[in-house]
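In what follows, chains are A, B, ... by sequence order, proteins preceding strands, each numbered from 1.
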Number of protein chains: 2
Amino acid sequence: MTIKLSRDDDEKRVKMFKALAEVKRLEIIRYIRQTDREMTCGDLGEIIGMDKSNVSYHLKILYEADLVKVSRSGQNKFAQLREDTFQTFLPGFLDSL
Amino acid sequence: MTIKLSRDDDEKRVKMFKALAEVKRLEIIRYIRQTDREMTCGDLGEIIGMDKSNVSYHLKILYEADLVKVSRSGQNKFAQLREDTFQTFLPGFLDSL
DNA sequence: CATATAGTTATACAACTTTCAAACTATTAC
DNA sequence: GTAATAGTTTGAAAGTTGTATAACTATATG
């Protein structure tokens, strides 16, 4: 099945590009992608050098742009990339990152 | 020859994504791409519904993000997409637009 | 030269973004 | 229950962005 995209998706594209237009969010995406083990937001903050509230803020923006999904286990939260979104709107991007 | 990308390009990616994170600039890109004949900034403004100073502003942002190149002929200016940039950083994106 | 046309630049303003700190909620462990 | 840990939300401050208007430069034409 082929996906039909158009002007109607521009609002979604804008949200997505805004989410990607930040060095720290690119770092987050790269890190999520390269790490197999699950990781907490705290881990992310430590690695990227951000306050936990800031990690939370950035993850929310990525989530609202459908770029990541999040699962919870106990107190911890784990983020995964939404490969479907990348595939539909930015095929080939992740491999270039 | 394969292109080596990395964190070092993140500033460039951010500039590019910021440039793409605007409905009117997406329209501009789509229009430039679909039109074979050369077109003036005035044309763009009329089609997209923008003041000429606004077209100038948006084209500058696209230009500074290496997403378009511009040529001049008399009083007119013509914009073309920089397929090389799209190919390197967003392979497959233009076809999804 | 004067005038018209195409595009640029400067300014001001409102709306939005990122960061930080502090207060908050939710889960775990004792 | 209390205390500790993980993450969220809120509000303020500083910075950025998009739009509109008006003044500007550059090219073309008579």
Determine whether a donor-acceptor pair (N or O, by modelled atom type, separation under 3.5 Å) exists between the side chain of Thr40(B) and the backbone of Asp43(B). yes
Whether Asp10(A) and Lys24(B) form a salt bridge (side-chain N of Lys/Arg under 4.0 Å from carboxylate O of Asp/Glu) is what I want to check. no
Taken to the nearest whole Å, CD/Glu46(A) to P/dG7(D) is 11 Å
Closest nucleotide of DNA chain C for Ser53(B) versus for Ser53(A): which of these residues is on the 5' side? Ser53(B)
To the nearest Å, how far apart are Asn76(A) CG and dT5(D) P? 13 Å
Hey, mind stepping through Phe17(B) and Phe89(B) against ring pair (Phe, Tyr, Trp, His ring centres under 6.0 Å) and telling me if it holds? CA-CA 10 Å; Phe17(B) 285 132; Phe89(B) 288 93; 8.8 Å; no
Would you check if the side chain of Thr35(B) reaches a backbone N or O of Ile32(B) as a donor-acceptor pair within less than 3.5 Å? no
With a 4.5 Å heavy-atom cut-off, do Phe86(B) and Pro91(B) have their side chains touching? no
For Arg72(A) and Gly74(A), indicate whether the former's side chain and the latter's backbone hold a donor-acceptor pair under 3.5 Å. yes
Going 5' to 3' along DNA chain C, between which two nucleotides do contacts with chain B fall, using a heavy-atom cut-off of 4.0 Å? dT5(C) to dT9(C)
What's touching nucleotides 13-18 of chain D from the protein side, N or O pairs under 3.5 Å?
| unit_1 | atom_1 | unit_2 | atom_2 | d |
| --- | --- | --- | --- | --- |
| dG18(D) | OP1 | Arg25(B) | NH2 | 2.9 |
| dG18(D) | OP2 | Arg25(B) | NH1 | 3.4 |
| dG18(D) | OP2 | Tyr57(B) | OH | 2.7 |

Test of understanding: with side chain to side chain contact (heavy atoms under 4.5 Å, CB included), list the residues that count as partners of Lys69(A), not counting sequence neighbours. Gln80(A), Arg82(A)
Report, one line per pair, each donor and acceptor closer than 3.5 Å where one atom sits in a side chain of residues 57-68 of chain B; sequence neighbours left out.
| unit_1 | atom_1 | unit_2 | atom_2 | d |
| --- | --- | --- | --- | --- |
| His58(B) | ND1 | Arg25(B) | NH1 | 3.0 |
| Asp66(B) | OD2 | Lys12(B) | NZ | 2.7 |

State plainly whether the residues Arg33(A) and Asp95(A) are in salt-bridge range, i.e. N to O under 4.0 Å. yes
Using atom NZ of Lys60(B) as one end and atom P of dT19(D) as the other, report the distance to the nearest whole Å. 16 Å
Quick one: side chains of residues 46-55 of chain A, donor-acceptor pairs under 3.5 Å with protein atoms, not counting sequence neighbours, listed by atom name and distance.
| unit_1 | atom_1 | unit_2 | atom_2 | d |
| --- | --- | --- | --- | --- |
| Asp51(A) | OD2 | Ser53(A) | N | 3.0 |
| Asp51(A) | OD2 | Ser53(A) | OG | 2.8 |

For nucleotides 23-30 of chain D, tabulate all protein N/O to nucleotide N/O atom pairs closer than 3.5 Å, reporting atom names and distance.
| unit_1 | atom_1 | unit_2 | atom_2 | d |
| --- | --- | --- | --- | --- |
| dT27(D) | O2 | Gln75(B) | NE2 | 3.2 |

Looking at residues at least two apart in the chain, or sitting in another chain, which of them share a salt bridge (Lys or Arg N to Asp or Glu O under 4.0 Å) with Glu22(A)? none
Mind checking if Asp51(B) touches a base, just sugar-phosphate, or nothing, with heavy atoms under 4.0 Å? base
Assign each of Gly49(A) and Val55(B) to its nearest nucleotide of DNA chain C by heavy atoms, then name whichever residue's nucleotide is nearer the 5' end. Val55(B)
